[in-house]
Amino acid sequence: MIVPPAFVARAQALREEIAYHNYRYYVLDDPAVPDSEYDRLFRELQDLEARFPSLATPDSPTQRIGALPLTQFAAVTHLTPMLSLNNAFDEDEVQAFDRRIREATGLASVAYAGELKFDGLAINLTYRDGILVQGATRGDGFTGEDVTQNLRTVHAIPLRLAGEDCPRLIEVRGEVIMPKAELERLNRAQTARGEREFANPRNAAAGSLRQLDSRITAARRLTFFAYGVGRIEGRALPARQTDILDYLETLRFQVSEERRLVHGVEGLLGYFQAIGSKRASLPYEIDGVVYKVNEVKYHEALGYVARAPRFAIAHKFPAEEAVTQLVDIAVQVGRTGALTPVARLKPVLVGGVTVTNATLHNEDEIRRKDILINDFVVVRRAGDVIPEVVGVVADRRPRDARAFAMPTLCPVCGSRVVRLSDEAVARCTGGLYCPAQRKQAILHFASRRAMDIDGLGERLVDQLVDRGLVKTPAELYQLDAQSLARLERMAQKSASNVVQAIQSSKATTLGRFIYALGIRNVGEATAKALALHFGDLDALIKASEASLAEIPDIGPVVAQSIAQFFAEMHNREVIAALRRAGVHWEPVAAGAAHGRASASGKTFVLTGTLPHLTREEAKARIEAAGARVSGSVSARTDFVVAGIEPGSKYDKARELGVTILDERQLLEWLEGIERSD
DNA sequence: GATCCTCGAGTTCT
DNA sequence: CTCGAGGATC
């Protein structure tokens, strides 16, 4: 269909006018016309496009209202990787950052761009000749998901860049966020519909952006802040980060007004303070600030460490804390009979998650922190995950506050509770007579690193033990789908899945089997060492305490635990029953532990999430190459492999000067070893 | 006997 | 992830 030129021109004029009003409204927060006028222009354009569909260009504002649902998101490889940032949690780490920059650049005082660290979702927008052609999530930094349709519904994202000299190609980096008020509105609506609330703005933004139906995304009022540029072609990148931000603003992106140019470490800390006191009054959530060396020319020279640039750092606000009332202290019984006090809290939102329980570790800890039942306590999410009671609010102690006493009888089985004089934990003496310990023993037996029985979770084990269907791990192998299906929350299908999983667990390895037995002080590493040393189970069962103690890494305490375990008639019977049921493993060449001439002897530590390998895969490959994987960083560690969001081990490694690898470097190293094998 | 290193055990919420 | 404690080393 030929479109009359007058309509083409009119559509063009309407697009530009609407885009401008859109910018005034959503980015500048300063509308130039009343809503009714905007709506009139919008409808006129919609009508034109309905009559002449070829007028509906991808940069048309009508494309913002959402399109037909997709079936899945396509994978997108970023032209330049989206890096993560290293974190600083206190002043010392900021000082160290500034010192490193000064040493590397030779500058006496460094100029930094200070910016906000938004609590949202990092996004890459690709514009060709000024038109938005693709928007993608960060993903693992190299590959993300194509969410272009959904991003078009975000009004603060220009569909077409403003200005005359727009680059041939530009990747704009920024954060999609959900303002606090919108999150509250959305959560009220979710509650009214009987659906789950979103715990925090990041989840809400991510959930909204990952909608296959972009009309849902359009209904959630997301916004976008730009903070950087990936690749740029056809125009030079401004020489300073502050100029880059100004440039993005001229392209009609929303750039935070809270950005500052600061100098030296005093400038950084002053900025941190200033933003910290403003935090609560900002209309959106932030979890810290970001410092970037302002002069771009230093960026490449400073280089990268494991996917994070050295020229920038995120200074995070301290873990969020909240005050709530501790209404009770319950006692849990663990696999070894250890009684662990757990604080029952009035539900409270900490760092975006509702917390109701927090471990108190042991009696001494409760006394040290002077915690009474009914006290008001400060709760924090330590290491960003596990809730922790920091301490009590002393001047809010209620009259009815009362001390906690460790029970003298096990709350589950009524056996005596003992606490050895040199130990911090109290233990139930009931052993496997105690249902709690029996349940934990069975759960441990079935756990992923032991026999790996999928679907045998806490709920199911509770019922199996309570109804007397299973008393020992061996009895698991007698279960059939029919009796399982009679249990609560067990349909025919899941029942047969569990039976299937139990049957296939019969083929295992000796190391896993020894670990699964749950011998005190024998974990995964020791179990594997025992399997390699003895080669078969009967030799281990017959081994004397003295001969066990001579094995490297096994001392008197562990040797006694093992000898005691196998001296117990009941344990030997369970093992025999397991073998009769068909549990078996490949024979191990005894003494294999000392083999492997190719062993590189290197020690690795893993931290953070790797983009492609799982932790287990990485561990298996490293061990297959003859190196060791350890859990903690020390002076003897050769390499630390850092993934996305590495933990404290990463900082420790940096402190000790241990070589840090990313996944790619790890794979290269492994290939080198495998070739020389 | 002191110190460093490694392993085991326990834990929260979605 | 963190803490506590067992084992090795000097």
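Quick caveat, the model's predicted, so the values are computed rather than measured.
The residue A:Val425 sits apart from the nucleic acid: no heavy atom pair falls under 4.0 Å.
In this structure, A:Glu524 atom CD and B:dA9 atom P are separated by 11 Å, rounded to whole Å. Computed from coordinates, the A:Leu517 CG to B:dG8 P distance equals 14 Å when rounded to whole Å. Distance, A:Glu458 CD to B:dC13 C1': 13 Å, rounded to whole Å. Across the protein-nucleic acid pair, A:Ile551 atom CD1 and C:dG7 atom P stand 12 Å apart, rounded to whole Å. Atom-to-atom, CG of A:Asp638 to C1' of B:dC5 comes out at 14 Å; the value is rounded to the nearest Å. Across the protein-nucleic acid pair, A:Glu388 atom CD and B:dG10 atom P stand 19 Å apart, rounded to whole Å. Here C:dA8 presents its C1' atom at 14 Å from CD1 of A:Ile554, a figure rounded to the nearest Å. Summarising the geometry, the separation between NZ on A:Lys528 and P on B:dG8 is reported as 11 Å, rounded to the nearest angstrom.
When each of A:Gly555 and A:His361 is assigned the nucleotide of DNA chain C with its nearest heavy atom, A:His361 is the one assigned upstream, toward the 5' end. The residue among A:Glu365 and A:Leu606 whose nearest nucleotide of DNA chain C is located toward the 5' end is A:Leu606. Nearest-nucleotide positions on DNA chain B for A:Thr356 and A:Ala527 put A:Ala527 closer to the 5' end.
Side-chain nitrogen and oxygen atoms of A:Arg335 include at least one within less than 4.0 Å of the OP1 or OP2 phosphate oxygen of B:dA9. Between A:Asn357 and B:dC13 there is a side-chain N or O to OP1 or OP2 distance below 4.0 Å. Taking side-chain N and O atoms only, A:Gln332 has a distance below 4.0 Å to OP1 or OP2 of B:dT11. Phosphate proximity of B:dG8 to A:Thr336: absent, as no side-chain N or O sits under 4.0 Å from OP1 or OP2. Contact between the side-chain N/O atoms of A:Thr526 and the OP1/OP2 oxygens of B:dG8 is found at a separation under 4.0 Å. Residue A:Thr359 places none of its side-chain N or O atoms closer than 4.0 Å to OP1 or OP2 of B:dT12.
For A:Ser630, the side-chain atoms get nearest to B:dC7 when compared with the rest of B:dC13, B:dC7, C:dG6. Set against B:dC13, B:dA9, C:dG6, the side chain of A:Arg520 has B:dA9 as its closest nucleotide. Side-chain atoms of A:Ala525 lie closest to B:dC7 of the nucleotides B:dT14, B:dT11, B:dC7.
Between A:Asp119 and A:Ile286 there is no side-chain heavy-atom pair separated by less than 4.5 Å.
Rounded to the nearest 0.5 angstrom, A:Leu578 CG and A:Leu537 CG are separated by 10.0 Å.
Remark: A:Lys369 does not engage A:Asp375 in a salt bridge, criterion side-chain N to carboxylate O under 4.0 Å. In this structure, A:Glu285 does not pair ionically with A:Arg202, as no charged nitrogen and carboxylate oxygen lie closer than 4.0 Å. For the pair A:Glu184 and A:Lys180, the salt-bridge criterion is not met [side-chain N within less than 4.0 Å of a carboxylate O].
When only modelled atom types and interatomic distance are considered, A:Thr336 and A:Arg427 share a side-chain donor-acceptor pair under 3.5 Å.
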